[in-house]
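Quick notes on the structure that follows.
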Amino acid sequence: MPDGRYVVDLEELDHLTRKRESPLTITRIETIPVRAKLGADFKGSHYHMTHRSTLVTRVHTSDGIVGEAYAGDEDATLNEIDHIVHDELAPLVVGLDAMSTERCWLAGYPVTFDILRDRRQGLVALAGVDAAIWDAVGKALGQPLWRLWGGFRRNIPLIAIGGYYGDVLGTIEQEIQSYVDLGLAGIKFKVGGASPEIDAERVERARAAAPDGFLIAVDANQGYSVAQALELVRRIEHLGISWFEEPVGWNDDARGMRDVRLRGSIPVCAGQSELSPMGCRNLMEVGAIDICNFDASWSGGPTVWRRMAAVAGTYNVTVGHHEEPQVASHLVASQAHGSVVECFHPDRDPFWWNLIANRPPLVDGELQLSDAPGLGWQLNSDYIDEHRVRRD
């Protein structure tokens with residue numbers, strides 16, 4: 001691929017990968033769609049959510065090892081993603097050696113090529129399979145993925161995404177206290193849905209309610225103009241804000257974020273809305289970001305997140321991950337330039353708090369990853385059965 005694009009010669013790939021069976025040959029893929037009603041209607045700057053959905057994916061191999069992961073939060077398109085896995089992805093990767101992670105990913109990448117549907121559907125389908133393949137690899141090697149992917153540390157700070165409009169979790173003060181009670185290290189606070197003046201007052205209340213050392217970042221979800229974003233920066237820069245995420249509108253966000261970054265005094269974070277490491281690279285090249293929170297579950301899986309992390313290291317950009325702590329914890333902890341991991345209040349993401357049966361308690365705001373092989377999570381089968389989406 002001399003021009004840097006992902007070029008797939010499926011006939012050659014098939015010849016190379018199916019010549020002989022490996023002990024970790026993929027034999028079949030199983031999925032379970034899961035959907036849960038949230039505790040409230042959660043509103044950001046220009047969106048709201050009432051349900052959370054994900055796809056549990058299991059990759060079965062010839063020696064009996066089963067890789068298992070869940071990825072994505074696509075409530076409206078859960079059924080379509082499920083069909084992509086079975087109708088399009090499975091025929092491409094069944095029979096391949098799961099140890100050949102790059103080859104498996106490249107074999108599945110054509111599910112993103114359909115220009116008549118949202119590319120994210122294929123990317124989320126691929127992400128679940130990719131994460132499950134990596135889980136199988138970790139289990140086969142007897143190593144946790146945080147170590148296989150770089151092993152920089154095993155403890156990682158966990159912060160909440162919160163500050164939703166409408167006081168759905170009580171007052172701002174009560175919401176901050178709930179995160180302190182959960183043992184979290186900080187909050188990424190929603191802004192961009194009101195004027196900079198009103199949002200600044202909301203952030204000031206959050207800071208006043210938080211204990212010393214409690215991290216506070218802000219996230220506009222692309223809700224401001226450059227001028228509005230800079231006004232908010234001026235109003236809150238004395239509050240010790242860790243970063244300002246997606247401050248400006250999507251249509252020219254790279255240049256807009258560059259302006260906010262260079263003219264303001266708060267580090268800028270973005271990347272979750274990009275679909276590829278190349279998109280993240282472009283943000284870095286323009287000088288738009290200090291932190292890249294690329295989302296493996298929205299972009300094709302851990303394989304491509306690790307490519308982004310390698311590129312970020314060459315630009316001195318810190319790496320994070322947009323929510324999905326079940327995989328983000330391993331990815332971010334593996335990297336020397338990793339930052340923090342994000343989760344939600346239990347009412348906003350019941351999966352992290354209920355689907356994982358062996359989630360460890362937080363210690364001083366940090367999640368300590370275990371030595372269990374692969375992702376190391378044990379999924380709660382009773383919870384899955386209770387919230388399983390029944391197929392027609």
Side-chain angles (χ1 to χ4, degrees), residues 43-47 157 159-166 172-173 175-176 179 184-274 279-280 282-295 312 315-323 337 339-340 342:
K43 298 178 181 179
S45 57
H46 294 290
Y47 72 93
I159 70 169
I161 302 173
Y164 289 92
Y165 292 92
I172 289 173
E173 291 76 13
E175 183 179 354
I176 295 296
Y179 299 135
L184 296 167
I187 182 175
K188 188 170 77 176
F189 194 87
K190 295 297 180 186
V191 296
S195 70
E197 181 180 6
I198 291 174
D199 277 338
E201 292 172 356
R202 296 172 62 247
V203 177
E204 290 214 30
R205 288 174 59 190
R207 174 53 80 196
D212 291 343
F214 194 78
L215 180 153
I216 295 183
V218 294
D219 181 5
N221 291 118
Q222 303 178 329
Y224 285 138
S225 67
V226 170
Q228 289 172 322
L230 286 169
E231 181 182 347
L232 182 72
V233 168
R234 288 191 293 270
R235 290 176 178 273
I236 66 174
E237 59 187 350
H238 64 289
L239 298 176
I241 303 302
S242 294
W243 70 82
F244 192 170
E245 188 166 317
E246 290 194 329
V248 301
W250 66 269
N251 56 329
D252 194 19
D253 62 343
R255 289 175 178 271
M257 287 190 293
R258 177 202 61 190
D259 292 346
V260 172
R261 177 173 177 257
L262 296 180
R263 294 166 60 189
S265 57
I266 298 175
V268 171
C269 172
Q272 73 177 59
S273 299
E274 299 299 330
C280 296
N282 293 343
L283 295 180
M284 300 173 203
E285 182 68 20
V286 170
I289 57 175
D290 299 281
I291 304 165
C292 186
N293 69 331
F294 193 46
D295 188 323
Y315 284 91
N316 292 319
V317 168
T318 300
V319 293
H321 192 290
H322 171 243
E323 53 177 282
H337 53 317
S339 56
V340 302
E342 304 170 354

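Every value quoted in this text rests on a predicted model; they were computed, and no experiment measured them.
- Counting heavy atoms from C-beta outward, Asn293 and His321 have side chains that stay 4.5 Å or more apart.
- Cation-pi contact between Arg202 and Tyr165: present, with separation from the ring centre below 6.0 Å and deviation from the ring axis of at most 45°.
- Ala160 approaches Leu184 most closely through the heavy-atom pair CB-CD1, 3.7 Å.
- Phe189 places none of its side-chain heavy atoms less than 4.5 Å from the side chain of Tyr164.
- Looking at Glu245 and Val218, their side chains never come closer than 4.5 Å, going by heavy atoms from C-beta outward.
- Contact between Ala194 and Tyr224 at its shortest, heavy atoms only, is O-CE2, 3.6 Å.
- Minimum heavy-atom separation, Cys269 to Ile289: C-CG2, 4.3 Å.
- In this structure, CD in Glu237 is found 3.5 Å from OG in Ser265, a value given to the nearest 0.5 Å.
- In this structure, the separation between CD on Glu204 and CG on Leu239 is 5.0 Å, given to the nearest 0.5 Å.
- Ile159 and Ile187 get closest at one heavy-atom pair: CB-N, 4.1 Å.
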* To do: Kindly indicate, with the supporting measurements, whether the criterion side-chain contact (heavy atoms from CB on, under 4.5 Å) is fulfilled by Thr318 and Asp290.
  => CA-CA 6 Å; Thr318 300; Asp290 299 281; over 6 Å; no
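- Here the closest non-hydrogen pair linking Ala254 and Val286 is O-CG1, 4.0 Å.
- Side-chain contact annotation: Tyr315 with Glu285, donor-acceptor N/O pair under 3.5 Å present.
- Note: Lys190 NZ to Asp219 CG = 4.0 Å, rounded to the nearest 0.5 Å.
- At a threshold of 4.5 Å between non-hydrogen side-chain atoms, the residues Ile291 and Val319 do not count as touching.
- Side-chain atoms of Glu323 and Ile161, non-hydrogen and from C-beta on, do get closer than 4.5 Å to each other.
- Using a 4.5 Å cut-off on side-chain heavy atoms (C-beta onward), Val191 and Asn221 make no contact.
- A distance-only check finds no donor-acceptor pair linking the side chain of Arg205 to the backbone of Glu173 [under 3.5 Å].
- With rounding to the nearest 0.5 Å, the separation of CG in Asp252 from OG in Ser225 is 12.5 Å.
- Two residues are said to be in side-chain contact when any heavy atoms from C-beta on lie closer than 4.5 Å; Glu197 and Gln228 fail this criterion.
- Checking side-chain atoms of Arg261 against main-chain N and O of Val268 turns up no donor-acceptor pair under 3.5 Å.
- Judged purely by atom type and a 3.5 angstrom limit, Ser242 has no side-chain atom pairing as donor or acceptor with the backbone of Leu215.
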* Asked: Can you check side-chain contact (heavy atoms from CB on, under 4.5 Å) on Gln272 and Phe294, steps first, answer last?
  -> CA-CA 5 Å; Gln272 73 177 59; Phe294 193 46; over 6 Å; no
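- Ile236 places a side-chain heavy atom less than 4.5 Å from the side chain of Ile241.
- The residues Glu231 and Arg235 are annotated as salt-bridged, a charged nitrogen and a carboxylate oxygen being separated by less than 4.0 angstrom.
- Pairing each heavy atom of Val226 with each of Gly256, the nearest pair is CG2-CA, 3.7 Å.
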